[in-house]
Q: 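Okay, here's the structure, questions in a sec.
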Protein chains: 4
Amino acid sequence: MSPLNKKQLDQIKDERRAQIKEAGLQLFARHGFGGTKTSMIAAEAGVSEGLIYRYFKSKDELFISIVQELMEEGKRETEEVPRLPGSPYEQIKSLTENMLSENKYAFMLILQAARKPEEIPEEAAKIFESYSAEVMIEPLVPVFIKGQESGEFIAGDPHQLLNWYMYVINSLILDEVGEKEYGAPSVELLMRMLKS
Amino acid sequence: MSPLNKKQLDQIKDERRAQIKEAGLQLFARHGFGGTKTSMIAAEAGVSEGLIYRYFKSKDELFISIVQELMEEGKRETEEVPRLPGSPYEQIKSLTENMLSENKYAFMLILQAARKPEEIPEEAAKIFESYSAEVMIEPLVPVFIKGQESGEFIAGDPHQLLNWYMYVINSLILDEVGEKEYGAPSVELLMRMLKS
Amino acid sequence: MSPLNKKQLDQIKDERRAQIKEAGLQLFARHGFGGTKTSMIAAEAGVSEGLIYRYFKSKDELFISIVQELMEEGKRETEEVPRLPGSPYEQIKSLTENMLSENKYAFMLILQAARKPEEIPEEAAKIFESYSAEVMIEPLVPVFIKGQESGEFIAGDPHQLLNWYMYVINSLILDEVGEKEYGAPSVELLMRMLKS
Amino acid sequence: MSPLNKKQLDQIKDERRAQIKEAGLQLFARHGFGGTKTSMIAAEAGVSEGLIYRYFKSKDELFISIVQELMEEGKRETEEVPRLPGSPYEQIKSLTENMLSENKYAFMLILQAARKPEEIPEEAAKIFESYSAEVMIEPLVPVFIKGQESGEFIAGDPHQLLNWYMYVINSLILDEVGEKEYGAPSVELLMRMLKS
DNA sequence: AATGAATGAGAGTTCATTCAT
DNA sequence: CATGAATGAACTCTCATTCAT
């Protein structure tokens, strides 16, 4: 039989790349960059250790590649908020719910990069900076102001309030929502911080 | 010259032990367990690398010893809250402020143990569990109930609300209050979560 | 369409084998055994990495096979010298020129095997020994003696003088005649070593 | 007993550094950069593999450090030639003898760097270039001219003749003067290339 | 017959721990 | 008691070789 054709090979390659990135995402998110050994990634992805290096030049590059992708995704999500249905309060509540549940790993990893830039590859730290808080918070400012005008949100500098709110959310995500007795706080409780 | 007597030797020993633990506390808090090299601890404590092993059997044991001590201190502080001056709201606000500023390193380390038990020595994780949330939250429940009765706090299961509140505080402490534009949220904003 | 017949298949096989050997020769000559990766050989030969192993059991065997072939070729050339036109001086000059230019790669590789037997497969080193200096020098002895008799060459033990002369030639070939300012020494200068 | 004092420790360090460099010199000279494994160096120096890294940041740095030292030594030796006793012919003969015997390893290594700059650390190649041929040949030009004037050496561009002569010497050194039947050519035979 | 994705042994390097002094 | 040179297990990464297609 003839060898696999180009399309099939490309598909395999894409799958493997995705597998390895997914494994990396989960492990980096949970154990940090230094705490994640390449052997762990290989095991989680179900491939040999050597194979990682056919798809990524180094552990650093794998990390960078993951961060890059996530930052872009995160940016897209935040920009989407003003177009969500409902009042400003409901829009931000939606984003909060999304961050706390669906995209947990992604946010965890992004925020780890933010917290200890000295422990991750330099280039990853740079990428993170370039998508800095501004980029992820700025799109929400108009939404928040609209909420203040309609009386849904408390008064105060919207940048500052949003920053603080995000700060709390981020911290919570990093806690990886343990299996504690009461679990993570309800979104409603958190929103009380902003509600007038 | 005659050799040091037993009392003097014991004093030197206690000092060295304390020096090393203090260095360990700060470094583990900042860089995590895996991110802290024994050479860093020796340098920070101003002793030789080898000396660490006269006072602690291993890096693991040093970490465990530090966690142990901090947990007891934390417990003492929480138990003190009902005896603080002011209303329940003010008492809990006091504790919050204390956790977010004065005892930062201690809390950072404790919480790091809490968050990533896989990354720390198994025994340290066990100690943490044994001082579990209950121990640190239970003493606050009566205070909170008193606050609900006087109308200062929102209604709801006090265990659950306190748990969630602590959860947020803990998360924030772990963020090591970066140099962000707006810094960490004001205690007042956080207290809005509980205030009726 | 019908499959290829046996003759056609054999031809393809011979071509492939030759392709791979030629690529190996150039790369081993330039980069040494250890410095040549199988991936480089595959790329240079324009075949897949796996295919090499259909034609040669291992990288070692490929190397051995190349050395083997070259040694035989070299032997044939040396044996040809007495039948070249011109005086003994001119005959040896001819051989010298040939070695320094036309068959450079071949000689380079042979001599690399000679110089660092530890770095090449053991069997290749053995083959080299078996074709040892004697085999390549002995045919030249009568030529040299004839030159001494006619007064063209200096006096002395012909074996020893030839050996030394070859030794210098071999060393020069191994230098791969760099792009130095003055390039490699002229054949005339070298021949001064032997000329009376 | 008190710990070793500073002087003693410095001596141990100097000894170890020298041990490791000496082992590196011999092995790099014989097997090339890539062909020399750190485990070989450790074994030859009689230390553990890890210890190498207390004295040199990397295998690259060890190599660079060795090349650096040798280049300076080589330069000093060449500059000394005009001050040697005897006629120009005897001075250059002296240098030749020295290169072919006493300082063999040093020259071997230097020349390996010269021959395959792409296979050694980039910085080592740069160092080599900076001490380029000029530096090692230029001091000999006046000596050679003096020899031409007195009729000891053949006529011709002194730069070119010296270059070629050195080229042959270098090539010979790289051959590591095997245990061949007749050994390396006598210095006298080589000098015939230059003698009028 | 041919491909190139996948493997795993072995290389260079780091760092907790030991030990001679 | 105190030192820091020395060790070796474990990590990241490379590359000859295998194997499903």
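What you see is a predicted model, and the numbers here were worked out from it, not measured in a lab. Throughout, a chain's letter reflects where its sequence line sits, starting with A, and its residues are numbered from 1.
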Q: Quick check: on DNA chain E, is the nucleotide nearest B/S39 upstream (toward 5') of the one nearest C/S48, or the reverse? Name the residue that is more 5'.
A: C/S48
Q: Between D/T38 and D/E49, is there a side-chain donor-acceptor contact under 3.5 Å, judged purely by atom types and distance?
A: yes
Q: If we call it a pair only when both distances are under 3.5 Å in a Watson-Crick or G-U wobble match, what pairs with E/dA1?
A: none
Q: Which part of the nucleic acid does C/R16 contact within heavy-atom distance under 4.0 Å: base, sugar-phosphate only, or nothing?
A: sugar-phosphate
Q: Starting at atom NZ of C/K59, determine the distance to atom P of F/dC15, rounded to an integer number of angstrom.
A: 9 Å
Q: For the residue pair D/E15 and D/Q11, confirm or rule out a side-chain donor-acceptor distance under 3.5 Å.
A: yes
Q: Under a 3.5 Å cut-off for both distances, is E/dC15 Watson-Crick or wobble paired, and to whom?
A: F/dG8
Q: Could you tell me whether C/K13 contacts a base, only the sugar-phosphate backbone, or nothing, with contacts defined as non-hydrogen atoms closer than 4.0 Å?
A: nothing
Q: So does C/Y53 get a side-chain nitrogen or oxygen closer than 4.0 Å to the phosphate oxygens (OP1/OP2) of F/dT17?
A: yes
Q: Please check if the side chain of A/K37 supplies one atom and the backbone of A/G34 the other of a donor-acceptor pair under 3.5 Å.
A: yes
Q: Determine whether more than 12 heavy atoms belonging to other residues, nucleotides or ligands lie under 6.0 Å from atom CD of B/E122.
A: no
Q: Measure the acute angle between the ring planes of D/F33 and D/F63, then classify it against the limits of 30° and 60° as parallel, tilted or perpendicular.
A: perpendicular
Q: Can you tell me if B/T38 touches the phosphate of E/dA16, counting only side-chain N or O atoms and a distance under 4.0 Å to OP1 or OP2?
A: yes
Q: To the nearest Å, how far apart are C/L51 CG and F/dT21 P?
A: 20 Å
Q: Name the closest nucleotide to the A/V47 side chain, picking from E/dT7, E/dT3, E/dA6.
A: E/dT7
Q: Give a yes/no answer on whether the side chain of B/K37 brings an N or O atom under 4.0 Å of OP1 or OP2 in E/dC15.
A: yes
Q: Can you measure D/R54 atom CZ to F/dT7 atom P for me and round it to whole angstrom units?
A: 11 Å
Q: Take atom CD of C/E49 and atom C1' of E/dG4, then tell me their distance rounded to the nearest Å.
A: 8 Å
Q: Give one of base, sugar-phosphate or nothing for C/Y55, where a contact means two heavy atoms less than 4.0 Å apart.
A: sugar-phosphate
Q: Just the rounded figure in Å: distance from P of F/dA10 to CD1 of A/I41.
A: 19 Å
Q: Once you round it to whole Å, what is the distance between P of E/dA1 and CD1 of C/I20?
A: 12 Å
Q: Rounded to the Å, how far apart are A/E61 CD and F/dC13 C1'?
A: 13 Å
Q: Between A/K57 and B/G46, which is nearer to the 5' end of DNA chain F once each is assigned its nearest nucleotide?
A: B/G46
Q: Quick one: D/Q11 CD to F/dT3 C1', roughly how many Å, whole number?
A: 17 Å
Q: Determine which nucleotide pairs with F/dT3, using a 3.5 Å limit on both distances of a Watson-Crick or G-U wobble pair.
A: E/dA20
